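Keep in mind that this is a model prediction, so the values were computed, not measured.
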Amino acid sequence: GGKRYFRQWFTNYPSMIEKTWRLRVFYRLTRLAAELHLEMKKNPGETIDQILPRLETFKVPDPCSGKPLKWNSKTNMLYSVGTDGKDNGGVYNTLKKEYDFAIRINTAVVTQ
């Protein structure tokens with residue numbers, strides 16, 4: 001009953017929920033990107049595909065889907081499937097309403 005009442009009075013309810021999940025995901029993606037950057041600095045010869053599986057932050061499930069976060073090596077995007085639950089390859093396109101929450105990882109060589 002409370003959710004119905006809340007929806008009736010707050011017309012932007014779906015937007016509020018999406019913003020909450022987006023914040024959680026971007027917090028997790030930022031932590032993972034920082035951990036990945038440190039690991040790339042320690043092991044400059046390894047690829048991101050080799051490093052990601054052993055990072056503890058990568059093992060934590062995606063808040064939106066409950067599955068692991070995704071990595072697209074072609075576009076260098078680390079992403080969550082978003083609140084729509086569809087895997088769009090890390091694309092955030094408001095025109096088509098495809099909402100993956102993603103950040104681009106800089107794969108340039110990290111020097112010490």
Side-chain angles (χ1 to χ4, degrees):
K3 289 181 185 175
R4 273 191 222 156
Y5 179 73
F6 188 75
R7 258 191 207 146
Q8 180 182 2
W9 292 103
F10 293 100
T11 56
N12 62 346
Y13 177 74
S15 175
M16 287 174 33
I17 298 300
E18 181 184 336
K19 287 177 186 176
T20 302
W21 287 104
R22 188 176 352 154
L23 180 64
R24 288 181 186 179
V25 169
F26 278 115
Y27 175 75
R28 182 143 316 139
L29 289 173
T30 303
R31 287 187 63 196
L32 180 55
E35 190 177 354
L36 181 61
H37 178 75
L38 290 173
E39 201 63 33
M40 286 171 61
K41 228 176 182 178
K42 289 180 191 174
N43 306 310
E46 289 186 303
T47 65
I48 293 176
D49 291 324
Q50 294 170 330
I51 295 172
L52 274 178
R54 67 174 187 253
L55 297 179
E56 290 300 318
T57 314
F58 189 67
K59 295 175 185 176
V60 176
D62 173 6
C64 292
S65 68
K67 297 177 183 175
L69 292 168
K70 306 225 180 230
W71 166 249
N72 187 338
S73 57
K74 293 178 185 173
T75 60
N76 296 330
M77 298 296 270
L78 188 60
Y79 66 98
S80 160
V81 295
T83 53
D84 64 354
K86 296 177 186 172
D87 186 357
N88 300 312
V91 174
Y92 186 85
N93 187 343
T94 55
L95 296 176
K96 292 183 180 180
K97 296 191 178 184
E98 296 173 346
Y99 297 109
D100 284 351
F101 303 137
I103 58 172
R104 187 174 308 279
I105 302 295
N106 185 0
T107 57
V109 177
V110 179
T111 58
Q112 295 194 20

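For the side chain to side chain donor-acceptor pair (under 3.5 Å) test, residues two or more places apart in sequence or in another chain that qualify with T75 are N72. K67 is linked by a salt bridge (Lys or Arg N to Asp or Glu O under 4.0 Å) to nothing, counting only residues two or more places apart in sequence or in another chain. With sequence neighbours excluded, the residues forming a side-chain contact (heavy atoms from CB on, under 4.5 Å) with Y27 are R31, listed by chain and number. For E35, there are no salt bridge (Lys or Arg N to Asp or Glu O under 4.0 Å) partners, not counting sequence neighbours. Taking I51 as the reference, L36, E39, M40, E46, R54, L55 meet the side-chain contact (heavy atoms from CB on, under 4.5 Å) condition, with sequence neighbours excluded. Evaluation of the side-chain contact (heavy atoms from CB on, under 4.5 Å) rule for A34 yields no partner, not counting sequence neighbours. Here T30 pairs with nothing under the side-chain contact (heavy atoms from CB on, under 4.5 Å) rule; sequence neighbours left out.
There is a path of hydrophobic side-chain contacts, each under 4.5 Å, that joins W71 to L32. Both F58 and F26 are members of a single hydrophobic cluster when ILVMFWY side chains are connected at heavy-atom separations under 4.5 Å.
In this structure, the separation between CG on L78 and CD1 on I103 is 5.5 Å, given to the nearest 0.5 Å. Taken from CG in L52 to OG in S73, the straight-line distance is 10.0 Å, to the nearest 0.5 Å. The line from CZ of F101 to CG of L29 is 10.0 Å long, rounded to the nearest 0.5 Å.
At least one donor-acceptor pair under 3.5 Å links the side chain of D100 to the backbone N or O of N88. Not a single donor-acceptor pair under 3.5 Å links the side chain of R24 to the backbone N or O of C64.
Of all heavy-atom pairs spanning G90 and M77, the tightest one is O-CE, 3.7 Å.
Evaluation of the salt bridge (Lys or Arg N to Asp or Glu O under 4.0 Å) test over residues 70-81, restricted to residues two or more places apart or in two chains, returns K70-D87.
Within the 4.5 Å cutoff, no side-chain heavy atoms of L69 are placed close to those of V60.
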